[in-house]
Structures are given as C-alpha cells and as structure tokens.
Undergrad: 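Dropping the structure in here first, questions after.
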Amino acid sequence: MASVIPMETLTESQKEAIFHKDGPLLVLAGPGSGKTRVITCRIAALIESGVRPYHICAITFTNKAAEEMRNRVAVFVPAGGVHISTFHSLCVSILRRYGEAAQIQSNFSIFDVKDQQRCMKEAIKDCQVNVTNFTPARMLDFISRLKNDLECPREFEARAAGFFEKNAARIYAKYQQILKQNNALDFDDLLVRTAFLLRDFPAVREELSARFRYLLVDEYQDTNHAQYQIAKGIALAHRNICVTGDPDQSIYRWRGADIENILVFEKDWPQAKVVKLEENFRSTPNILEKADQLIAQNMKRKAKKLIPTKEKGLDVCIEICEDESAEAHWVAEQAEALIDEGKDSNQIAVFYRVNSMSRAIEEAFVQHQLPYQVVRGVEFYARKEIRDLLSYLKVMVNSQDDVAFLRAIGTHPRGIGKTSLERLEQFARIHGLSLLEAALRAEQVETVNRPTRGRIVEFAKMVQQFRDDMEGDVSPLMERVFDASGLAKVLGADADAMDNISELFNSAAEYDQRSEEPNLMDYLQMIALYSDSDAYNAEAGRVSLMTLHAAKGLEFDHVFIIGLEDGLLPHERSSIGADDLEEERRLFFVGMTRARQTLKIGYARHRVIRGQFIRSTPSQFLYEIGFEGESDAFDSGWGEPNDFDNFASSLVSKKKPGQLYAVNELVEHSKFGLGRVKEYLDLGEDSIVVIRFNSGKTKSLMVKYAKLNSLGG
DNA sequence: CCATCAGCTTTTTTT
DNA sequence: AAGCTGATGG
C-alpha cells in the first residue's frame with residue numbers, strides 16, 4: 001500500500017516530527033509552521049506503522065479544532081477510530097465511565113459560570129463572612145486557582161493563614177459541598193476529578209494507558225497543572241507522549257495555564273526528542289518582520305526564529321481614527337474594498353481585545369451592508385429563553401440539580417413565590433432531599449400555604465412525568481417539554497425568542513443525526529462545553545468578528561486588529577505585573593500572525609468605555625512595531641493625551657441669558673466635590689442642573705439651593 | 001405573589 | 001451601557 005503522506009511537500013524537520021514514533025516528543029512550532037498538518041500526518045504515520053487507531057488519543061484546544069482534526073484524519077482512516085477531543089470532553093468521558101470509583105454519578109450536571117456564581121453566592125452567604133471582601137467573582141477566581149493546582153479544600157485549609165485565606169478555605173469547602181449536593185461539577189472540577197481519579201486509582205490509570213497508547217497534546221503551552229497531570233498520568237506507563245506548542249502563543253496564563261509545562265518538558269521526560277518548526281508558510285515577510293519585532297520585546301522567552309517562505313507583500317499599516325465609530329467605518333470601507341476587488345469574505349477577519357468592541361464594528365457593517373459573523377458561541381446558550389428551556393432538561397437528567405430546578409420553576413409565574421420556595425428549600429435541607437423530591441412531597445411542608453403546596457406538587461409531577469420518558473432522540477423530547485411546560489405559551493408572542501428556540505431545536509436535531517446513541521444526558525454534557533470558537537464557520541461567506549483569544553489557531557488572508565490603545569491592549573486589568581504585560585504582547589502577536597497577506601491595525605483617539613467618553617493614548621505595542629507617533633497634522637487640538645479636562649472644557653457651551661451654569665462647565669459642590677455640568681434645565685427660579693461628579697455619581701440639583709462654586713472651563 | 005423601577009456596581013480574555 | 005438588587009405598589 002502506498003503511503004498517504006505527501007512526503008515531497010514536507011520539510012526535513014516536519015518529517016522528523018511525523019516519523020519519530022516512540023518516546024516523548026516536543027514539537028516547538030511557531031505560527032504558520034504547518035503544525036496542524038504535522039499532527040495529522042503523524043497520526044497517519046502511526047497508523048501506517050501498525051498502531052491501531054483505537055490506541056491513539058489527540059487532544060486539541062477547542063471542540064472546533066477537534067472536529068477539524070477528525071475530518072482531516074478521516075481522509076486516512078475511517079472516522080471514529082482515533083479519539084480526538086479537548087481535555088474537558090475527554091474528562092467528561094472518563095468521569096462518566098470511571099467516576100463511580102470516586103463517587104461521581106454519570107449523570108452529573110456541568111455548572112457554567114452563571115451556575116457557579118449562584119452557588120458561590122450561596123456559599124458566601126452560608127459562611128456569614130463580610131460580604132465586601134468576599135465577592136463571588138473574586139472567590140471563584142481564587143478557588144479556580146486552587147483547583148488548577150489540584151489543591152482540595154482540606155489541603156488548603158491546613159495551610160491557610162490569615163483572615164482572608166482562613167475564610168476562603170471555609171467558602172471553598174462550602175462551595176464544593178453545594179456542588180456535590182447538586183451532583184454537579186464545574187469546569188475546573190472536570191479536570192481536577194479526572195486528575196485525582198488517575199492518581200488514586202491505579203486500575204483506572206492502567207486501563208487508560210492501555211487504551212491511549214499514543215498521546216498527542218496540541219497547544220501544550222496553554223495547559224494548566226491539572227491537564228499536565230492528566231497527560232502525565234495517561235502517558236507515564238508507555239512514555240509515548242507528543243506535545244506541540246509555542247511558548248510565544250501562550251495566552252491563558254490568567255486562567256491557570258502554566259507556560260512552565262512546555263518549558264520543562266525536556267526535564268520531565270528525559271531523552272525527549274525536540275523538533276523545532278521555525279519556517280512560516282503563512283504570512284508575508286512584511287507581517288513576520290513586525291510580529292518578530294514585537295515578540296522580541298518579551299524578556300521571558302526562548303528566542304525563536306520566524307523564517308519567512310512567502311513573497312514580500314504589503315506593509316503592515318496603522319490607521320489613526322478619531323473614535324470607535326470612525327475606526328469601525330474605516331474597517332468597513334477597507335473590507336468593502338477588498339470584497340469589491342473580488343476577495344473572499346471568508347478570508348477577512350476583525351480582531352479585538354474585548355467582546356463589547358464588536359458593537360461599533362457591527363453597526364458599521366450593517367450600514368455598509370456587509371455580511372459578517374460574530375464568533376461568540378456561548379452567547380447563544382446564555383440567552384434567557386434557551387437557559388429556561390434547558391433548565392427543565394437538566395433537572396430531568398439530574399434530579400439533584402437544584403439550580404436547574406429553581407430556574408425551571410421560575411421561568412414563568414405559577415403562583416409560587418420566593419418565600420414558598422425558601423420554605424421548600426428549608427424542608428429539603430432538613431430531610432436531606434433534593435428540591436424536586438421535596439416538591440413531590442410538598443403537601444407535607446406545613447410552612448407553605450395550602451394552595452401553593454398544590455401548585456408545587458403539580459409542577460413536580462409534571463417534571464416527574466417528563467423524566468419517565470426521556471430516552472432516545474433529544475429534539476422531539478425537547479419540543480415536547482417546550483409545549484408541555486407552558487414555555488411555548490409564554491414565549492409564543494416573542495418572535496426573537498421563538499427564533500432562538502427553533503435554532504436550539506435544530507441544534508438538537510443535528511446532534512440526534514450525528515450521534516450514534518443520542519441521549520439527553522450526553523447532549524447536555526456536550527453543549528455545556530460549547531465554546532465561542534465553536535461558532536466559527538469558515539464557509540459562512542461572511543467577514544469574521546472575534547476576540548483575539550478566539551482567533552487562536554485560525555488564519556485569514558486579510559486581518560484587522562482594532563483598539564491598539566493603552567489600557568485596552570494591553571488591557572488595564574492585566575498590566576499590573578510584567579508577566580501580564582508579556583502575555584498581552586503575546587496576545588497581539590497571536591493576532592498579527594493570523595494574517596496571510598495584509599494586516600491593518602486601528603487606533604482610536606477617543607473611545608466610549610462603559611458609557612464614558614475616554615481620551616486614549618497609543619498602545620506601547622504600536623511603538624514596538626515601529627509606529628512613530630502622531631504628526632502635528634493629525635493633532636486634533638484637544639490637548640495632551642489623557643487630559644480629559646482640557647478636552648471637555650473645549651466643549652463648554654455658551655450660556656443663555658439668565659443661565660447660571662453652562663453645559664460642561666467645571667463646578668465645585670461643598671459636599672460632593674468637583675464635577676462637570678451635564679445638563680441645564682432652564683426653569684427660571686426653579687432651574688435644575690445635572691452634574692456628574694468626580695466620584696462617578698450624577699446628581700440633579702436645584703440651582704437656588706445647591707451651593708455651587710463655578711470654576712469656569 | 002408579581003411586575004416595575006430607581007439606583008447601584010461593574011474584571012477582559014474562556015473551558 | 002447593562003445587569004442585578006431591593007423597594008414599592010397593585
């Protein structure tokens with residue numbers, strides 16, 4: 001049989017990476033180095049050398065990447081043989097199959113960020129700590145770090161020192177208890193539990209090692225400690241571990257990714273073979289030169305070359321715009337010009353640092369009548385009506401999921417209020433029941449009004465009835481629940497909501513089609529892991545709009561990156577430490593190196609952020625790629641950068657006769673301090689002045705009472 | 001019990 | 001700008 005691997009088109013180092021069959025292998029692959037192709041060919045080469053597809057496990061960073069990899073591999077071997085998935089999906093499969101050993105029921109719920117917040121609020125409340133110091137967001141972040149380091153509540157409690165840590169330990173324990181009570185795992189738990197399963201149950205580890213005899217991990221620079229341990233656990237017995245990645249593209253440190261994992265791979269696995277892929281087959285030398293110039297600024301890195309192979313192209317350009325809307329129109333015009341030239345919309349992308357920046361771009365694209373897609377998959381599943389319908393399905397699969405129960409019972413008014421539910425919860429607590437079980441016995445809950453008890457039982461019986469019939473295909477089941485639950489009636493008039501609901505039906509129908517053994521539990525666990533990048537459609541015939549993070553792993557002929565402003569990229573929230581700044585730089589590097597032919601970068605002098613008009617300065621990254629500052633010709637005459645007051649004072653309006661204060665005038669209040677006049681309602685003696693104070697608060701004051709001291713411009 | 005509204009806070013990135 | 005919370009009134 002002739003080899004299916006296209007030998008003649010591969011470089012020597014690519015071949016080395018592909019044909020090194022046994023033992024640890026580290027592939028340091030720069031952007032555009034044909035890494036994906038190398039992995040695919042490597043899988044093919046393993047199979048050609050006699051390894052059964054069944055014994056190969058490839059781990060990708062996103063579900064989308066997994067799907068793509070499956071399609072590529074399917075060219076070589078019948079689909080379904082090789083296990084290709086993300087770490088999280090792999091963990092779900094492992095926990096479903098082996099979790100029982102660690103007291104995990106297979107029908108566990110996966111709690112997303114919103115569910116986590118709900119549980120965390122409850123945990124904080126139960127622990128009765130000072131609420132201002134222990135916000136849910138902060139605690140979730142803190143605990144997530146502990147989990148990423150595989151530190152369980154008991155271990156942390158033992159070493160916790162000081163007021164904050166001691167209370168954090170209590171909250172952590174409580175939070176875990178709540179999750180357990182709900183038969184739920186959060187995203188971190190999926191990894192943690194799997195890592196512990198491998199650590200504590202040698203039989204499980206052996207079985208998995210025997211199954212996955214060749215392990216490949218892509219984007220290894222973004223693995224966290226838990227993922228590292230899982231990979232190690234599986235590969236320890238046979239040492240057939242191949243990891244690929246690029247330390248310069250590590251952008252998830254904030255989420256626990258440990259760049260050390262890839263840096264110490266050689267120490268971890270003695271005799272590891274290391275292959276460097278430094279040639280770049282993607283971008284023009286013009287783009288690579290700038291990208292290299294940028295990333296060279298990072299101190300904590302192993303120097304790596306970017307060797308261009310393409311013809312010289314167009315220069316990277318930087319566009320200075322007045323505000324975000326001007327920037328958006330510039331992008332739209334440029335994109336329109338490309339499309340008019342006959343370029344493919346699929347090959348055009350716009351990247352930005354934060355999701356909220358898509359709005360201005362969307363508005364401009366609508367005005368220019370350009371087709372676009374915002375790559376934001378999780379948004380769909382976060383919609384109210386979608387969550388509402390899914391909550392019924394969740395409680396059906398996992399009757400202990402009280403979070404889902406509460407959501408389902410509250411989707412629309414049924415004459416069951418907050419107080420009744422609180423009493424039901426009390427009853428459930430005392431008797432060690434889930435809310436659904438308690439609701440079925442609501443007649444015994446004497447603290448609740450008799451008519452309300454009846455309504456609770458009615459609801460519980462309905463859910464119980466759904467539970468009796470939940471085998472097989474998901475989509476018909478979903479439609480049945482939608483009608484019978486009363487949701488259909490409530491949402492009937494809302495066209496937008498109904499559109500989304502039918503899209504959900506479609507997605508379920510698609511799942512039923514694809515899946516060998518469709519069932520509700522599997523479906524719910526799968527969609528819980530759905531991510532933003534999964535929504536990317538490479539053949540949509542639209543310009544793609546996405547965050548820089550979502551752009552990872554993709555490539556486009558024409559790329560726009562917008563918002564190169566200080567505080568936005570690098571983002572102010574992550575430029576605290578030097579490490580954070582380096583990560584922001586890598587993020588920009590990732591964005592730049594997505595471009596094949598043209599790269600255009602936008603900078604806006606002003607931008608509205610959280611409803612406030614902000615004067616901005618160019619990002620330091622712009623200077624690092626050769627930007628020389630604005631020439632005088634471009635100067636807007638609005639004063640020095642960051643001098644909001646100068647800018648604002650230039651807008652001070654003229655006073656009408658009798659008007660005491662002008663709009664935008666600077667004033668001082670004896671109690672509230674300095675502020676600026678936002679509005680002046682001329683009502684003669686009763687005139688009202690609206691002032692936004694420096695404290696951030698906006699007040700409406702009667703001119704005749706407010707003791708204001710005018711400071712002019 | 002439930003709808004509504006004023007007022008307050010808001011971590012940006014994501015599995 | 002947007003989402004959440006607590007207060008108010010029906």
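Every chain is numbered from 1 and lettered A, B, ... according to where its sequence line falls, protein lines coming before strand lines. All of these numbers come straight from a predicted model, not from anything done at the bench.
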Undergrad: Kindly write out the residues that satisfy side chain to side chain contact (heavy atoms under 4.5 Å, CB included) with A/Glu122, not counting sequence neighbours, or none if the list is empty.
TA: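 Expected list: A/Asp126, A/Ile178, A/Arg429.
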
Undergrad: Does anything in residues 250-259 of chain A come within less than 4.0 Å of DNA chain B? Heavy atoms only, and list the residues if so.
TA: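 Those residues are A/Tyr252, A/Trp254, A/Arg255.
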
Undergrad: Taking the P atom of each, how far is C/dC4 from B/dT13, in whole Å?
TA: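 The same atom, P, in both gives a distance of 15 Å.
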
Undergrad: Quick one: what's the B/S/- string for nucleotides 1-7 of chain C, heavy-atom cutoff under 4.0 Å, read 5' to 3'?
TA: BS--S--

Undergrad: Given that A/Asn449 and A/Leu191 both sit by DNA chain B, which one's nearest nucleotide is further toward the 5' end?
TA: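 Taking each residue's closest nucleotide, the earlier one in sequence belongs to A/Asn449.
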
Undergrad: Looking at A/Ser89, I'd like to know whether one of its side-chain N or O atoms comes within less than 4.0 Å of OP1 or OP2 on B/dT15.
TA: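 Checking A/Ser89 against B/dT15: no side-chain N or O falls below 4.0 Å of OP1 or OP2.
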
Undergrad: Rounding to an integer number of Å, can you tell me how far A/Arg376 CZ sits from B/dT13 P?
TA: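 To the nearest whole Å, that distance equals 6 Å.
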
Undergrad: Which one, B/dT11, B/dT15, B/dT13, comes nearest to the side chain of A/Ala137?
TA: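 In terms of side-chain proximity for A/Ala137, the closest of B/dT11, B/dT15, B/dT13 is B/dT11.
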
Undergrad: Checking A/Phe380 now: which residues fulfil ring pair (Phe, Tyr, Trp, His ring centres under 6.0 Å) with it, not counting sequence neighbours?
TA: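 Residues passing ring pair (Phe, Tyr, Trp, His ring centres under 6.0 Å) with A/Phe380: none at all.
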
Undergrad: Taking the minimum atom-to-atom distance to the side chain of A/Pro413, which one of B/dT12, B/dA3, B/dT11 wins?
TA: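 Looking only at side-chain atoms, A/Pro413 lies closest to B/dA3.
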
Undergrad: With sequence neighbours excluded, give me every salt bridge (Lys or Arg N to Asp or Glu O under 4.0 Å) pair touching residues 350-365 of chain A.
TA: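 Every salt bridge (Lys or Arg N to Asp or Glu O under 4.0 Å) pair that includes a residue of residues 350-365 of chain A, provided the two are not neighbours, is A/Arg353-A/Glu584.
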
Undergrad: Using atom CD1 of A/Ile409 as one end and atom P of B/dC1 as the other, report the distance to the nearest whole Å.
TA: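 Rounded to the whole Å, the gap is 11 Å.
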
Undergrad: Side-chain N or O of A/Asn355 versus OP1/OP2 of B/dT14: is the shortest distance under 4.0 Å?
TA: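 It does, given that an N or O in the side chain of A/Asn355 lies less than 4.0 Å from OP1 or OP2 of B/dT14.
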
Undergrad: Quick check for you: to the nearest 0.5 Å, what is the distance between A/Asn537 atom CG and A/Lys64 atom NZ?
TA: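 If I round to the nearest 0.5 Å, the distance is 6.0 Å.
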
Undergrad: Do the ring planes of A/Phe187 and A/His88 sit parallel (below 30°), tilted (30 to 60°) or perpendicular (above 60°)?
TA: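 A/Phe187 and A/His88: perpendicular rings.
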
Undergrad: Regarding A/Ser533, tell me which of base, sugar-phosphate or nothing describes its non-hydrogen contacts under 4.0 Å with the strands shown.
TA: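 Result for A/Ser533 = sugar-phosphate.
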
Undergrad: Over how many whole Å does the gap from A/Ile416 atom CD1 to B/dA3 atom P extend?
TA: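 Answer to the nearest Å: 13 Å.
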
Undergrad: Aromatic contact between A/Tyr530 and A/Tyr381, with the criterion being ring centroids under 6.0 Å apart: yes or no?
TA: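 A/Tyr530 vs A/Tyr381: aromatic centres under 6.0 Å.
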
Undergrad: Quick one: is the NZ or CZ of A/Arg586 closer than 6.0 Å to the six-membered ring centre of A/Phe589, and within 45° of its axis?
TA: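 No.
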
Undergrad: May I ask you to say what A/Arg455 touches in the nucleic acid, namely base, sugar-phosphate or nothing, with a heavy-atom cut-off under 4.0 Å?
TA: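 Result for A/Arg455 = nothing.
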
Undergrad: Do the ring planes of A/Phe134 and A/Phe164 sit parallel (below 30°), tilted (30 to 60°) or perpendicular (above 60°)?
TA: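 Aromatic pair A/Phe134/A/Phe164 classed parallel.
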
Undergrad: Is there side-chain contact between A/Arg414 and A/Glu458, with at least one heavy-atom pair below 4.5 Å?
TA: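 When only atoms from C-beta onward are counted, A/Glu458 and A/Arg414 do not touch, as no gap falls below 4.5 Å.
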
Undergrad: Within the 4.0 Å heavy-atom criterion, would you say A/Ile609 contacts the bases, only the backbone, or no part of the nucleic acid?
TA: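 Touches nothing.
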
Undergrad: Map A/Leu529 and A/Gly417 onto DNA chain B by nearest heavy atom, then report which one ends up closer to the 5' terminus.
TA: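 The answer here is A/Gly417.
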
Undergrad: Within this structure, what is the CG-to-P distance between A/Leu140 and B/dT12, rounded to whole angstrom?
TA: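 Nearest whole value for this atom pair: 15 Å.
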
Undergrad: So, OP1 or OP2 of B/dT12: does either fall under 4.0 Å of a side-chain N or O from A/Thr547?
TA: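 So the side-chain polar atoms of A/Thr547 never come under 4.0 Å of the phosphate oxygens OP1 or OP2 of B/dT12.
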
Undergrad: Would you say a side-chain N or O of A/Asn63 is under 4.0 Å from OP1 or OP2 of B/dT15?
TA: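 The answer is no; no side-chain N or O of A/Asn63 sits under 4.0 Å from OP1 or OP2.
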
Undergrad: Distance check needed: B/dT15 C1' versus A/Tyr530 OH, whole Å only.
TA: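 Going from OH in A/Tyr530 over to C1' in B/dT15 covers 14 Å.
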
Undergrad: Give the rounded distance in Å between these two atoms: CZ of A/Arg138 and P of B/dT9.
TA: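 Checked: the CZ to P distance equals 17 Å.
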
Undergrad: Nearest to the side chain of A/Arg573 - B/dT12, B/dC1, B/dT15?
TA: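 So the side chain of A/Arg573 is nearest to B/dT12.
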
Undergrad: Over how many whole Å does the gap from A/Glu219 atom CD to B/dT13 atom C1' extend?
TA: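 After rounding, the reported distance stands at 16 Å.
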
Undergrad: Counting side-chain heavy atoms from CB outward, which of B/dT15, B/dT14, B/dT11 is closest to A/His88?
TA: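 Closest nucleotide among those given: B/dT15.
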
Undergrad: With sequence neighbours excluded, what pairs up with A/Ala550 under the side chain to side chain contact (heavy atoms under 4.5 Å, CB included) test?
TA: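 A/Ala550 satisfies side chain to side chain contact (heavy atoms under 4.5 Å, CB included) with A/Met546, A/Thr547 only.
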
Undergrad: Could you give the CD-to-C1' distance, from A/Glu379 to B/dT14, as a whole number of Å?
TA: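 Checked: the CD to C1' distance equals 14 Å.
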
Undergrad: Does any donor atom in the side chain of A/Ser619 or A/Glu565 lie under 3.5 Å from an acceptor atom in the other side chain?
TA: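 Per modelled atom types, A/Ser619 and A/Glu565 side chains form no pair under 3.5 Å.
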
